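Note that this is a predicted model, so its numbers are computed, not measured.
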Amino acid sequence: MTLNPFKLYKIICGRFPWFHNLVLYAVFGLLAAVLDYSIFFVLSRFIGICPEIASLAGNICGFFFTFSGNTFYNFKKSSHLLFRFVSYLCIAAGGMTLSTLLIHHIKDLVNVYLLKAVLVLFVIPVIQFILNKTITYRDFHDPEN
């Protein structure tokens with residue numbers, strides 16, 4: 001007997017409701033990385049914009065893509081948008097800072113490319129997911145009710 005992967009996914013999501021959010025969070029992150037790199041590549045290679053500016057443009061587009069996707073589709077939280085935007089921005093900036101600091105402090109001890117891959121693909125996104133789920137996309141309770 002084989003188990004249908006979609007059925008297994010539904011079982012896991014039924015047992016762990018946050019798992020669906022984590023999967024969508026990862027999908028939006030991967031799509032944002034593709035968008036980021038594509039914008040960087042087109043702007044720097046074909047339009048001739050310097051790589052630093054092209055990278056920044058790609059980063060900004062990727063950020064807005066993930067924020068919009070996670071806010072309106074994944075977590076479905078359209079209230080308190082300014083708070084959610086600033087919170088998401090701070091958590092993203094914190095992830096970039098943590099990644100940079102870790103690379104700076106342990107680059108001589110490990111392969112920097114492997115370290116960057118592990119940080120970018122696993123460690124930082126998991127930390128950001130937990131922080132965004134508990135802070136950025138928390139439920140706000142109306143004090144009058």
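Heavy-atom minimum distance, F19 versus I12: CD2-CG2, 3.5 Å. Residues T100 and M96 approach most closely at OG1-O, 2.8 Å, considering heavy atoms.
The closest side-chain heavy-atom distance from N59 to F63 is not below 4.5 Å. Between R138 and I135, some side-chain heavy-atom pair lies under the 4.5 Å cut-off. Within the 4.5 Å cutoff, no side-chain heavy atoms of L35 are placed close to those of F64.
For the atom pair D108 CG and H104 NE2, the distance stands at 9.0 Å (nearest 0.5 Å). Distance CG/L31 to CG/L24: 10.5 Å, rounded to 0.5 Å. Interatomic distance, CZ of F41 versus CG of D36, reported as 14.0 Å (0.5 Å rounding). For the atom pair I39 CD1 and C61 SG, the distance stands at 3.5 Å (nearest 0.5 Å). To the nearest 0.5 angstrom, I103 atom CD1 is 5.0 Å from L115 atom CG. To the nearest 0.5 Å, atom CG of residue N111 and atom CD1 of residue I106 are 11.5 Å apart.
At a threshold of 4.5 Å between side-chain heavy atoms, the hydrophobic network of Ile, Leu, Val, Met, Phe, Trp and Tyr places L98 and L114 in one connected group. Residues V34 and L43 do not share a hydrophobic cluster, defined by chaining ILVMFWY side chains whose heavy atoms lie under 4.5 Å apart. Residues W18 and Y9 are members of one and the same hydrophobic cluster, defined by side-chain heavy-atom contacts under 4.5 angstrom among Ile, Leu, Val, Met, Phe, Trp and Tyr. A single hydrophobic cluster is seen to contain both L89 and Y25, as judged by linkage of ILVMFWY side chains at heavy-atom distances under 4.5 Å, directly or through other members. F6 is not connected to L8 by any chain of hydrophobic side-chain contacts under 4.5 Å among Ile, Leu, Val, Met, Phe, Trp and Tyr, and they are in different clusters.
Scanning for side-chain hydrogen bond (donor to acceptor under 3.5 Å, both in side chains) contacts around N74 gives N21, N70, with sequence neighbours left out. Residues meeting the salt bridge (Lys or Arg N to Asp or Glu O under 4.0 Å) test with D139, sequence neighbours left out: K77.
A donor-acceptor pair under 3.5 Å links the side-chain atoms of R84 to the main chain of S79, judged by distance alone. Of the possible donor and acceptor atoms, one in the side chain of T71 sits under 3.5 Å from a partner among the backbone N and O of F67.
Ring orientation note: the planes of F83 and F140 are nearly perpendicular, at an angle over 60° on the 30°/60° scale.
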Problem - Derivation and outcome, side chain to side chain contact (heavy atoms under 4.5 Å, CB included), residues F72 and L81 - result: CA-CA 10 Å; F72 300 110; L81 277 179; 4.0 Å; yes

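If you run side chain to side chain donor-acceptor pair (under 3.5 Å) between Y88 and each of N132, T66, T136, only T66 comes through.
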Would you mind writing out the side-chain donor-acceptor pairs for residues 121-130 within the sub-3.5 Å range, not counting sequence neighbours?
{"from": "Q128", "atom 1": "NE2", "to": "I91", "atom 2": "O", "distance (Å)": "3.3"}

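K76 forms a cation-pi arrangement with Y73, by the criterion of a distance under 6.0 Å to the ring centre and an angle within 45° of the ring axis.
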